[in-house]
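I have placed the structure first, in the form of structure tokens, so that the comments after it can refer back to it.
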Amino acid sequence: EDKPENTMEVFSINVKPIVEEKSLVNDKLTLRGILEITTVFLVKSEENNTIDTAVNIVPFIQEMDVKKVPEKAYIDPVVRAKDVNIYAQTKRELVIEYLLDCMAEIYGQDRLNVLEEIDIDDMTKEQIDNYPSMTVYQVKKGDTLWSLAKRFNTTVK
């Protein structure tokens, strides 16, 4: 339906990176995946205007230098598209430019010691008094220093 009188006005472009494969060789992390590029646009003609959507798939490969990755590490790559702009536009093509922001969260695996047994013993008043503590109380009408001292097991002083 591309007639010479048709024009296209772009509303939005969304670039969604999807990482399909990751590999770590020496100190290089290689990410392979696709960019799902969705474009929403208005096609204007003399008869009517229609809103349409186009979805394109573009492959990408990104290499990152990583250092001191432990053995059996869990790698969680994060790829984001930013600064997406229309570079050129014709009646049949739309050229966009973007930057891929690539990061990787790398987690090592360590042995974790888990508590297997807990002993619960009663504490004496002296042991409890040695722990720092704070009591917050909002004074009410009728409270006296004596009643508060008695209530909170302390002295009037």
Exercise for the section: Kindly work out whether a path of hydrophobic side-chain contacts (I/L/V/M/F/W/Y, heavy atoms less than 4.5 Å apart) joins L35 to M64. Expected result: yes
Problem - Close side-chain approach of M134 and V136, heavy atoms under 4.5 Å - result: yes
Problem - Check: D27 and D65 side chains under 4.5 Å, non-hydrogen atoms - result: no
Exercise for the section: Indicate if V10 and I96 have the same hydrophobic cluster label, given that clusters are the connected sets of ILVMFWY residues with side-chain heavy-atom separations under 4.5 angstrom. Expected result: yes
Problem - ILVMFWY network linking L29 to I34, side-chain heavy atoms under 4.5 angstrom - result: no
Exercise for the section: Establish, yes or no, whether the cationic atom of K16 lies under 6.0 Å from the six-membered ring centre of Y98 and within 45° of the ring axis. Expected result: no
Practice task
Decide if atom CZ of F152 counts as having more than 12 heavy atoms of other residues, nucleotides or ligands within a radius under 6.0 Å.
Solution key: yes
Handout entry: Closest approach of A81 to P17 (non-hydrogen atoms, all atoms of both residues)
Key = N-CG, 3.9 Å
Handout entry: Heavy-atom side-chain contact between R151 and T135 under 4.5 Å
Key = no
Problem - NZ (K140) with more than 12 external heavy atoms under 6.0 Å - result: yes
Problem - Exam field: side chain K82 to backbone D101, donor-acceptor pair closer than 3.5 Å - result: no
Practice task
Kindly indicate whether the side chain of V43, heavy atoms from C-beta on, has any atom under 4.5 Å from the side chain of F41.
Solution key: yes
Problem - Which residues share a side chain to side chain donor-acceptor pair (under 3.5 Å) with D143, sequence neighbours left out - result: Y137
Exercise for the section: Please indicate whether N26 has more than 12 foreign heavy atoms, meaning atoms of other residues, nucleotides or ligands, lying under 6.0 Å from its CG. Expected result: no
Practice task
Spell out, yes or no, whether V84 and L100 are grouped together once hydrophobic residues are joined by side-chain heavy atoms under 4.5 Å, including indirect joins.
Solution key: yes
